[in-house]
Amino acid sequence: MAVDPEKTSPCSRPELFDFHGVHMTHIFTDNWEKVQNFQARPDDVLITTYPKAGTTWVSNILDLLYFGQTERQTSIPIYTRVPFLELISPPLMIGTEDIEQLPTSPRLIKTHLPVQFLPKSFWEQNSRIVYIARNAKDNVVSYFHFDRMNKFEPEAGDWSSFLQRFMEGKMVFGSWYDHVTGWWEKRQTYSNLHYMFYEDLITDTGREIDQLCSFLGMSCSTEEKERVRALTQFDQMKNDKMANYSTIPDMDFTISPFMRKGKVGDWKNHFTVAQNEQFDEDYKKKMKNPKLQFPY
Ligand code: A3P
């Protein structure tokens, strides 16, 4: 596959386009054939989210649970320890190749793919999948600030047009509504999928770590779990160069840091009353599954 270096230049922001019914940018589709033919292993652990739902937090938790606090944690950035399957930004990052080079077992892998795009080998190998969902309002606020600071994302524009685009599903990785619902419904037929919520992680990180350990079939001691909880607190990760993305030059932290607020309810500082009413009205129409409820 030929990669156009012009298109990967961090100077030009990538454009959104419709890709099999989902809005994407070329940095997540240029390696499509290799992504679709990716060979998963039975012990792979896939960390799956709509962007900005807590991927990095859970990646760090799982990395510590499996491999402990070693030199790996203090010298290798989280995006190298947990490669991003569909990302292609040569020469530095080619998700499929980075995964092949992982020395660890199991391999921890990150993806934002909607359920219908996941390479079929994950289903065939019955790999474990952890899905993290975050309430739509905080998710869109976090995404807005991320797109403002990250040159690998399309231009964010102003807040009100960004919010409108989010409601229309015209974001990288498509519609939040379809993403969280598609993965939720997959649980009916695929039992090796642990669906968790960012808000629960905030409320009781210890309990969520317990549940992750049982899902992963790990027997971690109480002290071990407590250590992981403490090491992955927001302030701890915000100050950790290997977890806070400050090593990526294409993210402008003077606009907004990657570890921004880490809170539930920050949407209230962004939505106007009218925007909130319109959002709620539209939300009711799109979110038809009464079992999938988010705390706001
Ligand atoms: P905010 O922008 O609301 O602060 P992702 O890793 O999927 O890109 O998600 C990033 C969001 O998760 C950001 O949300 C970030 O601050 C938050 N986050 C990352 N680590 C966290 C932690 N340890 N505790 C709470 N929130 C965290």
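In this chain, numbering begins with 1 at the start of the sequence shown. Only a predicted model underlies this, so the values are computations on that prediction, with no experimental measurement involved. Atoms within each ligand, like the ligands themselves, are counted from 1 in listed order.
Salt bridge D266/K137: absent, no basic N to carboxylate O contact under 4.0 Å. Note on E224 versus R227: salt bridge recorded, some NZ/NE/NH1/NH2 to OD/OE distance being below 4.0 Å. Classification of K284 and D280 as a salt-bridged pair fails, no side-chain N sitting under 4.0 Å from a carboxylate O.
At a heavy-atom cutoff of 4.0 Å, ligand 1 is contacted by no atom of H145, backbone or side chain. Here A53 has backbone heavy atoms under 4.0 Å from ligand 1, and that is the only part of it that gets that close. Of the heavy atoms in K52, both backbone and side-chain atoms come closer than 4.0 Å to ligand 1.
Side-chain contact of T48 with T111: a donor-acceptor pair under 3.5 Å is absent, judged by distance alone. Looking only at atom types and distance, the side chain of T96 has a donor-acceptor partner in the side chain of N31 under 3.5 Å away.
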Show me the donor-acceptor pairs within less than 3.5 Å that the side chains of residues 35-42 make with the rest of the protein, sequence neighbours left out.
unit_1, atom_1, unit_2, atom_2, d
Q36, NE2, F117, O, 2.9
N37, ND2, E33, O, 3.1
Q39, NE2, N37, O, 3.3

Side chains of residues 287-296: which donor-acceptor pairs under 3.5 Å do they make with residues two or more places apart or in other chains?
unit_1, atom_1, unit_2, atom_2, d
K288, NZ, K285, O, 3.3
N289, OD1, K291, N, 3.0
N289, ND2, E185, OE2, 3.4
Q293, NE2, P290, O, 2.8
Y296, OH, A136, N, 3.3
Y296, OH, Y283, OH, 2.9

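Proximity to M237 (heavy-atom distance under 4.0 Å) selects the following atoms of ligand 1: 20 (N), 23 (N).
Evaluated by nearest non-hydrogen atom to atom 15 (C) of ligand 1, the leading choice among W57, F258, Y50, W267 is F258.
Here the heavy atom of the protein found nearest to atom 20 (N) of ligand 1 is M259 SD, 3.4 Å. Counting protein heavy atoms only, atom 7 (O) of ligand 1 is closest to T55 OG1, 2.4 Å. Nearest protein heavy-atom contact of atom 1 (P) of ligand 1 is S142 OG, 3.4 Å. When only non-hydrogen protein atoms are considered, atom 17 (C) of ligand 1 lies nearest to Y198 OH, 3.8 Å. Looking at atom 6 (O) of ligand 1, its nearest protein heavy atom turns out to be T56 OG1, 2.5 Å. The protein heavy atom nearest to atom 23 (N) of ligand 1 is T232 O, 2.8 Å.
Screening F258, Y245, F84 for a ring-ring contact (aromatic ring centres under 6.0 Å, His included) involving Y79 leaves a single residue, Y245.
Annotation: G54 places an N or O atom under 3.5 Å from an N or O atom of ligand 1; distance criterion only. Polar contact with ligand 1: present for G262 (N/O pair, distance under 3.5 Å).
Separation of the W32 and F19 ring centroids falls under the 6.0 Å cut-off.
For R134, the heavy-atom gap to ligand 1 drops under 4.0 angstrom.
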